[in-house]
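Right, one structure below, let's go through it.
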Amino acid sequence: MPVHNAEIAEILYEVADLLEIEGENPFRVRAYREAARTVENHPRSLAEMAGEGEDLTRLPGIGEDLADKIREIARTGTLRQAEELRERVPPGLRGLLGVPGLGPRRVRELHRRLGVESAAELERAAREGRVRRLPGFGAKTERNILEALGRKERPQRFRLSAAEPAARALEEHLEGCGAVREAVVAGSFRRRKETVGDLDVVACSQEGRRVIEHFVAFEDIERVVSKGSTRSSVVLKNGLEADLRVVPEESFGTALLYFTGAQPHHVALRDMALKRRLKLNEYGLFRGEERVAGRTEEEVYAQLGLRYIEPELREHRGEIEAARQGSLPQLLAQEDLRGDLHSHTTATDGRSGLHEMAEAARERGYEYLAVTDHSRRLRVARGLDERRLREQMEEIDRLNEELEGITLLKGAEVDILEDGSLDLPDGVLEELDVVVCSVHHKLRLPEREQTRRVLRALENPNVNILAHPTGRLIGRREPYELDVERVMEAARERGCVLELNSNPERLDLNDAHCKLAKEMGVKIAVSTDAHSADELANIRFGVGQARRGWLEREDVVNTRPLGELRRLLRREGA
DNA sequence: GCCGTTTTCGGCCCGACTGTTTTCAGTCG
């Protein structure tokens, strides 16, 4: 059983936490965290790369030492260093780092002076008033600790789609304050990350106090965590935390840059600034006392000798190097899309009829919409058998006669059965414009079998698109065990397309896989899997994820005009 | 522990807020 990247990353994160509690050099601690981050975001299996003797030190933040440690974990599933640390640092202490207000220093003090080794022991000590007697602690800190322990609320992350309404409402509320020129939700929300932990809001205004007062009066606030003259932090009623920073106009660009992150991206920019004898902070880019940029992000990048980097790319995954060389991708835009290649109707589990779906697609400015209802295996969705599918095909032909400005493509989302065969006979698949296939059952097969199953499905010459290729549901279900790289190789050889499913619960392929697909020369379909006319609008989440995966117009098949798309779907030249 | 148009040694982002302090440490983002 190969060791997954997530497991390697977890061990590195743990080592970082334990070293930090031990009082290690913070830069060493950071090195472990950065390496963990690199590992967990890497689309290829580090264990496999290590097994094949690839040079791991080429990855950012990984040098000889950490490469050795990663190889050790890949080989043995564990790390001696981590085991030794666990001997020295009680494992419960690690959990205390998650308590708001407690950092490594305080955790260490609590352990050293009070013998606290777990959340329960901390709670007892606080109740008995022993915490407030420690130097640097006080009554208020003790009370805050008790409150935090009492809340027990996991610092949960919200799906992008769940955070979006709050983000828009907050922007609107702030712009309703007379003193605000512009308010933008930055952070991972602006980077269109699939989940967001909090909302980082930047407001442009000369009157900090007034804006802060307006901010904390927002109706959906549960409680105010902190409130200063330029900065405030609140928890919204839906549990999401929102942090506001108010900056003057001349600093708006640098503040936006700072709060959009991601942190490693911004740290790298600061580093570049230092090398040019400049100083970058949220107030501006300075040479000595002189502000040389700050009003817009564009001018800051320009001063650093970089092309403008779109927020979705700011993850420190090579975008700075690309910006320096002028080789940044021209990212996919929603307007580039000419149609949607995965949708359902009332014939199966959709909630809108053919006509309604067609109209909605036309209103979006699309040229085509593929109707891809489920196949018979999916009983809960009343999947179509050959007879019902043929009826639908005839109906689509009739409808296409009367529709103007939009073409419905005849399709199906065919289940891949356990042995890799398809759930509808080849005879009818041959007559469809587009065949989407996907795994809906037997999700827990071992990797070898699951991979073999999918590869066999792609061998069917009628198949065009593999839908939601890893089957994950964000926050609810892990991806199934699948060798994605092998699937991509097969897709490339056979002229198959992989889907980026825009359903905000799926976003599958993920960003890293999209980037890998691009590098491997595999084409992507950005589709919604809409189950109603309204859900066609979910495409914005898919586009965001595609952009995070560096995808350009040419990488995405549904940017093609209909004629070209049809040629592509015939898998000619494959 | 990483990294190199200032460096193979000596840097490594930096400012706001809170709470516990009479001048600052710790935490957070």
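None of these values were measured; they are calculated from a predicted model. Values reported hereafter were calculated over all heavy atoms of this structure, with side chains retained and with hydrogens, waters and symmetry mates removed. Throughout, protein chains are lettered first and strands after them, A, B, ... in sequence-line order, and every chain is numbered starting at 1.
Under 4.0 angstrom from either OP1 or OP2 of dG15(B) there lies at least one side-chain N or O belonging to N281(A). In this structure, K275(A) does not reach the dT5(B) phosphate: none of its side-chain N or O atoms is under 4.0 Å from OP1 or OP2.
Separating the CZ atom of F27(A) from the P atom of dC14(B) is a distance of 10 Å, rounded to the nearest angstrom. When the P atom of dG1(B) is taken as reference, atom CD of E22(A) falls 12 Å away, rounded to whole Å. Across the protein-nucleic acid pair, R276(A) atom CZ and dT6(B) atom C1' stand 14 Å apart, rounded to whole Å. Atom CG of D271(A) and atom C1' of dG4(B) are 10 Å apart (whole Å). Here dT18(B) presents its P atom at 10 Å from CD1 of I212(A), a figure rounded to the nearest Å.
Backbone-only engagement by N144(A) is indicated by non-hydrogen atom pairs under 4.0 Å involving sugar-phosphate atoms exclusively. Looking at heavy-atom distances under 4.0 Å, S233(A) makes no contact with the nucleic acid at all. Among the heavy atoms of the strands lying under 4.0 Å from A139(A) are primed sugar atoms or P, OP1, OP2 only; no base atom is included.
The cationic group of R192(A) lies under 6.0 Å from the six-membered ring centre of F189(A) and within 45° of the ring axis, placing it in a cation-pi geometry. Cation-pi geometry between K515(A) and W550(A) is met: under 6.0 angstrom from the ring centre, within 45 degrees of the axis.
dT8(B) is unpaired under the criterion used here, namely a Watson-Crick or G-U wobble arrangement in which both key atom distances are under 3.5 Å.
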Let me have a per-nucleotide readout for nucleotides 24-29 of chain B, 5' to 3', with B, S or -, counting only protein heavy atoms under 4.0 Å. --SSSB

